[in-house]
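So the structure is just underneath, and the comments pick up after that.
What you see is a predicted model; the values in this text were computed from it and never measured. Side chains are part of it too, since the values below use all heavy atoms of this structure and drop only hydrogens, waters and symmetry mates.
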Amino acid sequence: MKILLINPPRSPHNDILKYAPEAAKPFIHRKLIGPPLGLLTIASAIRDHEVVLFDMKGEYDLDPQTPPLADLTRRLLEKHRPGIVGVTIKTSEFNHAIEIFRVVKAFDPSVITLAGGLHPTLCPQDFEGQPADIVVPGQAASIINELVDNLARFRIDPSGCIKIPGIRVNLGERYIETQGIASSCDPAGRDFVMPDRSLLRRWIGTYKVGNSPDPSTYIFTSLGCPYKCTFCSIWGQFSGRYHQRDIESLITELKSIDEYPVVRFSDANTVVDTRFMEKLFDRIQEEGIRKVFVMDIRADIAVKHPALIAKMARGGLKVVICGFESFRDAELKRYRKQSAAVSNLEAIRVFDDNGIMVRGNYVIPNTYTEADFEALAEYSAQNPVVYAGYTILTPMPGTVYYEEVKDQIIEKDYSRYNFFNSVMQTTLPYEQFHERVGALWLIKKGKDVI
Ligand code: B12
Ligand code: SF4
């Protein structure tokens, strides 16, 4: 049975960009670029079946004249005639995923639709009444084969899957959560699936970040995060667990991706076990692996372990994304960041000393007034980083922050939940708030490394 796996297009909404001063616009993110690692993992797990992976983000980047979503989906259905269509979904892509499922069901109601990824993991209930036959929460690489085998055996009838624990099955009149707990999955260890990047070859030229002429790929050395920041979706996705990869498996993967000189670690929080990172970079050196590495490192960790940062820089670490979040301890405390504002400044020094380009990200609450914006702008200008990102503190469904403020949410359209549009009433007028956020992007120093 043929399975079509789709990475949906990006949400088009970006009110920071829309209302920003013209001078700031070139610096503001228009789109994040990168291969869909989760979907690739799923595709690689079921490679014994006939799988087609289609990256719609990559396709629209490759050819902006690509037809609109519904037409593109119909073309894919006509070309491949799949029995199953699976879509990977984060919150801002929910609407696009539902549109894809609608087109599939209109094309042929017997095609099974599968929803997987972050949003189905955190909010599986959102799919009730939607044209998604099966919702697969969590790291699905360990059950996807069983699921597909069942669908094949039961002639593509979703009711044949109700014995698989931990999924949601839409039986038309009933939307049921199957009994039992999904067998414990060890996604970074026993159940790790080596991604087969040849499935993404068509779009490799689009996976370029910054000014780099070379394509980049994602690799994870860990999944989840041991911290519990209130606004963050990631620790909830993994129920607070942190899964670490095996070093030799990582070395094998790094040695197999010659066509990708730039490697972006997709870890939420790359340096947790410092001994692991020491060893990984020893092995990278021993094997003579030369890559430009990009990764997320917490400010407090960089401050505590400058020698490790120096070693990683010698091993190819060139860009660090650092969640500064705020310049005020009171805000950091409210977000449960467990890092003090002073660490942001000290971390900038550690990274600068090692020639690492820092991308520092601040999150802006909807309550910010002119005085708050001025205070942040002054602080940022005194402590500039090569590239600073300013996005909106957004209550992503499934987070602690969402529960804290859900009564204040005025925007229910998920396609606006991408950190670029306020979904709550802003203290400043809406346009002015976004303009102020946009203007902050002007504060940067130096030249981008890649
Ligand atoms: C790689 C990545 C990307 C890549 C690729 C994503 C893609 N699909 O195209 C790119 C760069 C394109 C990207 C873009 C964006 N991203 Co992003 N991204 C990540 C990142 C760093 C890693 C995800 C990952 O690869 N994890 C490892 C894999 C193995 O796990 P996984 O994806 O969960 O997949 C497993 C399961 O979920 C499941 N599964 C996944 N898909 C499917 C599909 C089916 C059918 C099934 C059955 C199972 C299944 O099985 C997989 C294997 O076990 C995470 C942060 C993090 N560290 O988690 C943010 C993250 C997911 N991104 C996030 C966001 C917000 C975005 C953007 C909206 C940012 C922006 N402002 O533009 C855009 C989305 C586009 C848009 N504008 O709408 C948020 C999501 C928050 C939320 N609740 O939605 C995260 C959590 C980061 C954060 N700061 O909070 N992203
Ligand atoms: S914001 Fe970073 S440190 Fe905090 S929980 Fe999320 S991934 Fe972990």
[X]-[Y] aromatic ring centre distance below 6.0 Å:
X: Y260; Y: Y218; value: no
X: W203; Y: Y60; value: no
X: F220; Y: F192; value: yes
X: H119; Y: Y414; value: yes

Are side-chain N/O atoms of [X] and [Y] paired as donor and acceptor at under 3.5 Å?
X: S422; Y: Y430; value: no
X: N366; Y: T426; value: no
X: N421; Y: H434; value: no

Mind checking the [atom1]-[atom2] spacing from [X] to [Y]? Nearest 0.5 Å is all I need.
X: S159; Y: N170; atom1: OG; atom2: CG; result: 11.5 Å
X: Q338; Y: R298; atom1: CD; atom2: CZ; result: 6.5 Å
X: E325; Y: N344; atom1: CD; atom2: CG; result: 8.5 Å
X: I321; Y: Y387; atom1: CD1; atom2: OH; result: 11.5 Å
X: D407; Y: M424; atom1: CG; atom2: CE; result: 11.0 Å
X: L77; Y: L4; atom1: CG; atom2: CG; result: 6.5 Å

Are [X] and [Y] within salt-bridge range, i.e. N to O under 4.0 Å?
X: D300; Y: K337; answer: no
X: E78; Y: R75; answer: no
X: E253; Y: R245; answer: yes
X: K208; Y: D61; answer: no
X: D71; Y: R74; answer: yes
X: D133; Y: K105; answer: yes
X: R264; Y: D296; answer: yes

Give the C-alpha distance, both sets of side-chain angles, the deciding distance and a yes or no for salt bridge (charged side-chain N to carboxylate O under 4.0 Å, His left out) between D258 and R290. CA-CA 10 Å; D258 284 348; R290 297 215 181 288; over 6 Å; no
Answer yes or no: is there a side-chain heavy-atom contact under 4.5 Å between [X] and [Y]?
X: I98; Y: P131; result: yes
X: L254; Y: F293; result: yes
X: H29; Y: W441; result: yes
X: V135; Y: I167; result: no
X: F265; Y: V271; result: no
X: T178; Y: C161; result: no
X: F281; Y: L308; result: no
X: T88; Y: L5; result: no

How far apart are the closest heavy atoms of [X] and [Y], and which atoms are they?
X: P124; Y: Y175; answer: O-OH, 2.7 Å
X: V193; Y: A45; answer: CG1-N, 3.7 Å
X: P120; Y: I89; answer: CD-O, 3.4 Å
X: G160; Y: N150; answer: O-OD1, 3.1 Å
X: V111; Y: P82; answer: CG2-O, 3.5 Å
X: S11; Y: S415; answer: OG-O, 2.5 Å

Just by distance, do the side chain of [X] and the backbone of [Y] share a donor-acceptor pair under 3.5 Å?
X: R10; Y: I33; value: no
X: T399; Y: P395; value: no
X: T121; Y: G138; value: yes
X: T270; Y: I297; value: no
X: Q244; Y: T221; value: yes
X: Y227; Y: W235; value: no
X: D267; Y: N269; value: no
X: H96; Y: P9; value: yes

Yes or no on salt bridge (charged side-chain N to carboxylate O under 4.0 Å, His left out) for K57 and E93, after CA distance, side-chain angles and deciding distance? CA-CA 11 Å; K57 289 186 188 69; E93 295 160 356; 2.8 Å; yes
Would you say [atom1] of [X] has more than 12 non-hydrogen atoms from neighbouring residues, nucleotides or ligands within 6.0 angstrom?
X: K2; atom1: NZ; result: yes
X: K79; atom1: NZ; result: no
X: E50; atom1: CD; result: no
X: E173; atom1: CD; result: yes

Evaluate salt bridge (charged side-chain N to carboxylate O under 4.0 Å, His left out) for E128 paired with R168, printing each intermediate quantity in order. CA-CA 9 Å; E128 187 161 2; R168 306 240 175 165; 5.9 Å; no
Quick one, E431 with K18, criterion side chain to side chain contact (heavy atoms under 4.5 Å, CB included). Give me CA distance, side-chain angles, the key distance, then yes/no. CA-CA 9 Å; E431 280 188 32; K18 185 170 169 189; over 6 Å; no
Evaluate side chain to side chain contact (heavy atoms under 4.5 Å, CB included) for H80 paired with V85, printing each intermediate quantity in order. CA-CA 11 Å; H80 300 291; V85 174; over 6 Å; no
L118 vs S233, side chain to side chain contact (heavy atoms under 4.5 Å, CB included): CA-CA, chis, key distance, verdict: CA-CA 8 Å; L118 181 67; S233 311; 4.2 Å; yes
Do we get R436 above Y368's six-membered ring, with its NZ or CZ under 6.0 Å from the centre and within 45° of the axis?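 Verdict for Y368: no cation-pi partner in R436.
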Run the side chain to side chain contact (heavy atoms under 4.5 Å, CB included) check on I42 and V136 step by step: do they pass? CA-CA 11 Å; I42 293 299; V136 191; over 6 Å; no
CA sep, side-chain torsions, deciding dist, call: D55, R202, salt bridge (charged side-chain N to carboxylate O under 4.0 Å, His left out): CA-CA 9 Å; D55 182 357; R202 175 176 170 80; over 6 Å; no
Which residue is it: F324, Y401, F231, Y362? I am looking for the one with a ring pair (Phe, Tyr, Trp, His ring centres under 6.0 Å) to Y335.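 Passing option: F231.
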